[in-house]
Amino acid sequence: MFGRKKIGIALSGGAARGIAHIGVLEVMEDLGVNVGAVSGCSMGAIIGAIYSLGISCEEMISFVKKTDWRGFLLMSVLSPSKVGIVNDKKVDGVLSRFLGNKTFDDCKKPFCCVAVDLISGKKAVLKSGSLKEAVRASIAVPGLFQPVLKGNQLLVDGGIVEPLPTDALGVLDCNYIIASSIVFDREDEIIPESKMAKPDNDLKKMSVYSVLDKSMNLMHAQMVKGYLQKADIIIEPRVGGFGFFDFTKAEKIIEAGRVAAKRKVPEIKRKLRIR
């Protein structure tokens, strides 16, 4: 708590690039920021759920370092399901490793994640029941992952409507919001026009994954603007140098999160009155 304010942190989506949130959370812990609640979308839902259970950033980083991501991606993408190009079994294994049969009631910090119901077309803020099922719904990018059937709902990735779940924190009674929102710029994002690739050259280099990647980047960048306005502190890891499936570069992505959070340390200390 900060005075009478309950601090919540919202973690955006971003596939592999969302791993940057681990670096952000690590810096928050080092500063002594008392996060009272967590919301997540897509990859932010995975990181948020694990963190809310009380699992340390150190343990998450250790898992990232030890995992054979090349093998993980190879087995996932080469065994597609009928309604998605990524096989669920490998993903389920990772989620089971941390979430198991735990429910939202097991969380040490209140947690929620965002999904979308394809039947009603409405946003679903998930905050009860199975953690793994909820997170699985929040990461179900249409066309990539199989949707999750929950009761009368058919749930997919919440990034379609709320890529940065600052609104969702309202259900957890937060009135002071920190946003960890990845951006798709590089640290050296200004590229001279003379060095920009021509469209025909770009097309030759593209795959279904790179087209999906670029499309989702544009969608995320436009949609996230309104949700940023609801945050009191904004941390923006620059991860434009990494791709949608760049899990093999996870350590560098985490470092991008640390760098972004450290830049905000003076503002965080001032606003939260941390010495």
Side-chain angles (χ1 to χ4, degrees), residues 10-19 21 38-50 52 72-104 107 111-165 167-168 171 182 207-220 222-224 227 243-245 247:
L11 309 178
S12 73
R17 294 160 297 203
I19 295 175
H21 297 313
V38 183
S39 66
C41 175
S42 201
M43 179 55 75
I46 296 178
I47 303 301
I50 295 171
S52 296
F72 172 86
L73 292 170
L74 185 65
M75 292 303 296
S76 295
V77 177
L78 289 182
S79 304
S81 65
K82 292 182 179 179
V83 289
I85 62 175
V86 175
N87 186 279
D88 286 346
K89 291 183 179 178
K90 283 285 185 178
V91 176
D92 188 72
V94 173
L95 296 182
S96 295
R97 158 73 172 76
F98 288 102
L99 306 181
N101 296 319
K102 297 187 185 306
T103 70
F104 282 81
C107 292
F111 170 71
C112 69
C113 59
V114 179
V116 177
D117 178 18
L118 289 180
I119 305 300
S120 67
K122 295 180 179 179
K123 176 176 71 177
V125 179
L126 308 174
K127 59 175 184 174
S128 64
S130 166
L131 266 179
K132 188 172 76 170
E133 182 183 54
V135 169
R136 177 64 190 78
S138 189
I139 68 171
V141 179
L144 275 183
F145 294 98
Q146 181 174 318
V148 171
L149 183 62
K150 184 178 181 180
N152 295 322
Q153 295 177 307
L154 190 62
L155 301 174
V156 295
D157 186 355
I160 295 174
V161 294
E162 191 174 348
L164 175 65
D167 250 4
V171 306
I182 66 167
S207 65
V208 63
Y209 302 111
S210 61
V211 171
L212 176 67
D213 193 21
K214 289 178 182 293
S215 300
M216 294 193 70
N217 290 357
L218 289 170
M219 181 176 71
H220 178 97
Q222 290 301 313
M223 292 183 64
V224 80
Y227 295 103
F244 195 89
F245 290 105
F247 290 95

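In terms of the side chain to side chain contact (heavy atoms under 4.5 Å, CB included) criterion, residue partners of Leu149 (sequence neighbours excluded) are, by chain and number, Leu154. Not counting sequence neighbours, the partners of Ala15 by the side chain to side chain contact (heavy atoms under 4.5 Å, CB included) test are Phe244.
A distance of 10.5 Å separates CG in Leu155 from CZ in Arg136, rounded to the nearest 0.5 Å. The distance from atom CD of Glu133 to atom NZ of Lys150, rounded to the nearest 0.5 Å, is 5.0 Å.
Nearest heavy-atom pair, Ala168 versus Ser39, reported as atom, atom and distance to 0.1 Å: CB-CB, 4.4 Å. Nearest heavy-atom pair across Ile19 and Phe247 is CD1-CD2, 3.7 Å. Closest heavy-atom contact between Ile139 and Ser42: CG2-O, 3.3 Å. Between Pro165 and Pro163 the shortest heavy-atom distance is CD-O, 3.8 Å. When all heavy atoms are compared, the tightest approach of Gly158 to Val116 is CA-CG2, 4.0 Å. Taking each heavy atom of Val91 and Phe145 in turn, the nearest pair found is CG2-CE2, 3.6 Å.
At most 12 heavy atoms of other shown residues, nucleotides or ligands fall within 6.0 angstrom of atom NZ in Lys127.
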Run the salt bridge (charged side-chain N to carboxylate O under 4.0 Å, His left out) check on Lys132 and Asp92 step by step: do they pass?
CA-CA 8 Å; Lys132 188 172 76 170; Asp92 188 72; 3.4 Å; yes
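Screening residues 111-136 for ring-ring contact (aromatic ring centres under 6.0 Å, His included) gives Phe104-Phe111 as the qualifying pairs, with residues at least two apart or on separate chains.
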